[in-house]
Amino acid sequence: MMVHLNGIKEIIPEGMTIKTLIEWAKEGDPHLIVEQNGTYIYPSSYDTQSVFENDVIEFINPNLGG
Amino acid sequence: MRRLDDQRYIRQTILPEIGPDGQEALACACVLIAGVGGLGSITCLYLAAAGIGHIKIADGDVVELSNLNRQIIHSEAFLGQPKTISAAIRIKALNSHVRVTPVQERITHFNIDGLLKDVNIIVDGSDNYETRQVLNRASLRHELPFVYGGVQGFNAMVSSFIPGQTACFECIVRGPGIPSDTSPGIIGPTAGIAASFQAMETIKLILGIGKTLKNRMLRISGLDMRLHSLKLVPNPECKACGRI
């Protein structure tokens with residue numbers, strides 16, 4: 001199915017959760033911020049939060065410089 | 001003197017959202033600028049120019065040449081000098097009526113409570129996760145708003161964390177990310193944009209006007225010229241704000 005991941009259309013396997021999507025995308029930052037359709041997703045929800053067709057998902061690395 | 005002040009602030013007191021009463025509120029406010037690097041350089045100047053009555057600035061560093069591409073409160077004349085002194089002199093030159101308290105110390109769990117005496121709002125000017133964690137915990141303990149800003153490269157984030165009303169910093173940012181041996185790159189306007197938003201948030205929070213970044217994280221991409229607002233919700237498992 002198709003999702004918008006960090007602004008790019010991606011074809012991903014069906015039935016993914018946020019957790020499996022992070023693994024699929026090979027995101028290595030353990031402190032990643034995840035946004036799904038404009039809303040922040042709790043880390044504790046990653047393995048239960050499903051990813052749906054046409055979802056807009058952003059993996060955000062926090063900006064901590066000053 | 002009063003007439004001189006009236007003239008100084010006339011372009012903002014004519015705004016119905018501010019007016020003479022708002023100007024008085026700004027004059028009565030005390031703000032902690034936690035770090036006078038890229039972010040603090042700009043927030044200091046805008047808040048002083050707006051007539052914030054008391055600005056405390058805390059930073060343990062000295063001015064280095066590599067700071068000057070973005071930390072525009074400092075100048076070559078202050079290379080090697082404490083950043084807080086450099087900033088205090090510049091602030092007083094801009095607005096001599098502002099009370100400035102420079103504290104040439106790195107912010108830690110040990111000194112933050114003392115730094116927050118009389119402070120109404122904490123403005124983030126730090127450059128690392130650990131200091132922000134100290135500021136966040138202090139914000140929660142003292143029930144003070146924490147106006148977060150973070151920058152890297154061409155990207156920035158800004159949010160206002162209000163104890164009891166919003167998610168806190170540690171609800172959203174849970175750690176320092178992937179460690180790096182080198183300082184991250186940054187172009188000056190990135191810090192300028194984020195810090196300008198922080199200054200705007202601070203003024204609005206003091207005055208109680210407008211729609212602030214409560215439970216919203218503004219993300220700015222300078223390369224793409226995109227602004228994006230992420231809806232935040234308090235994390236029930238956050239170890240800092242105790243919403244378990």
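Proteins get letters first, then strands, A, B, ... in listed order; numbering begins at 1 in each. Given the structure is predicted, the values throughout are model-derived calculations rather than measurements.
For a residue to count as touching a neighbouring chain, one of its non-hydrogen atoms must lie under 4.5 Å from one of that chain's; by this rule B:Ile172 touches chain A with backbone and side chain alike. Contacts between B:Arg219 and chain A at a heavy-atom distance below 4.5 Å involve the side chain alone, from C-beta outward. Within the 4.5 angstrom heavy-atom criterion, no atom of B:Ala191 approaches chain A. For B:Asn128, the part lying near chain A is the backbone, with the side chain staying farther off; criterion is any non-hydrogen pair under 4.5 Å.
In this structure, the side chain of B:Arg174 does not engage the main chain of A:Ile33 through any donor-acceptor pair within 3.5 Å. The backbone N or O of B:Cys171 lies less than 3.5 Å from a partner atom in the side chain of A:Tyr40, making a donor-acceptor pair.
In this structure, the side chains of A:Ile60 and B:Met157 come closer than 4.5 Å at one or more pairs of heavy atoms. Residues B:Thr190 and A:Asn63 are not in side-chain contact: their nearest non-hydrogen atoms beyond the backbone lie 4.5 Å or more apart.
Within 6.0 Å of the CZ atom in B:Arg141, the count of heavy atoms belonging to other residues, nucleotides or ligands exceeds 12. For A:Glu53, the CD atom counts as densely surrounded, since its 6.0 Å shell holds more than 12 non-hydrogen atoms of other residues, nucleotides or ligands.
Taking chain A as the reference chain and counting heavy-atom pairs below 4.5 Å, the highest number among B:Gly37, B:Ser41, B:Ser126 is found for B:Ser126. Heavy-atom pairs under 4.5 Å with chain A peak, among B:Leu232, B:Thr131, B:Asp224, B:Asn155, at B:Asn155. Heavy-atom pairs under 4.5 Å with chain A peak, among B:Ser183, B:Ala194, B:Ala156, at B:Ala156. With chain A as the partner, the residue from B:Gly40, B:Pro176, B:Pro184 showing the most heavy-atom pairs under 4.5 Å is B:Pro176. For the set B:Ile186, B:Val173, B:Asp124, the count of heavy-atom pairs under 4.5 angstrom toward chain A peaks at B:Val173.
Of the N and O atoms on the side chains of B:His228 and A:Glu58, not one donor lies less than 3.5 Å from an acceptor on the other residue.
Residues of residues 41-49 of chain A that come within less than 4.5 angstrom of chain B, heavy atom to heavy atom, are A:Tyr42, A:Pro43, A:Ser44, A:Tyr46 in numerical order. Listed by sequence position, the residues of residues 78-89 of chain B in contact with chain A number zero, using a 4.5 angstrom heavy-atom cutoff. At a heavy-atom cut-off of under 4.5 Å, chain B is reached by A:Gly28, A:Asp29, A:Pro30 from residues 1-30 of chain A, listed in order of number.
Taking every heavy atom of both residues into account, B:Arg132 and A:Leu64 meet most closely at NH1-O, 2.6 Å.
Remark: A:Thr39 pairs with B:Lys231 by the side-chain contact (heavy atoms from CB on, under 4.5 Å) rule, at least two apart or across chains.
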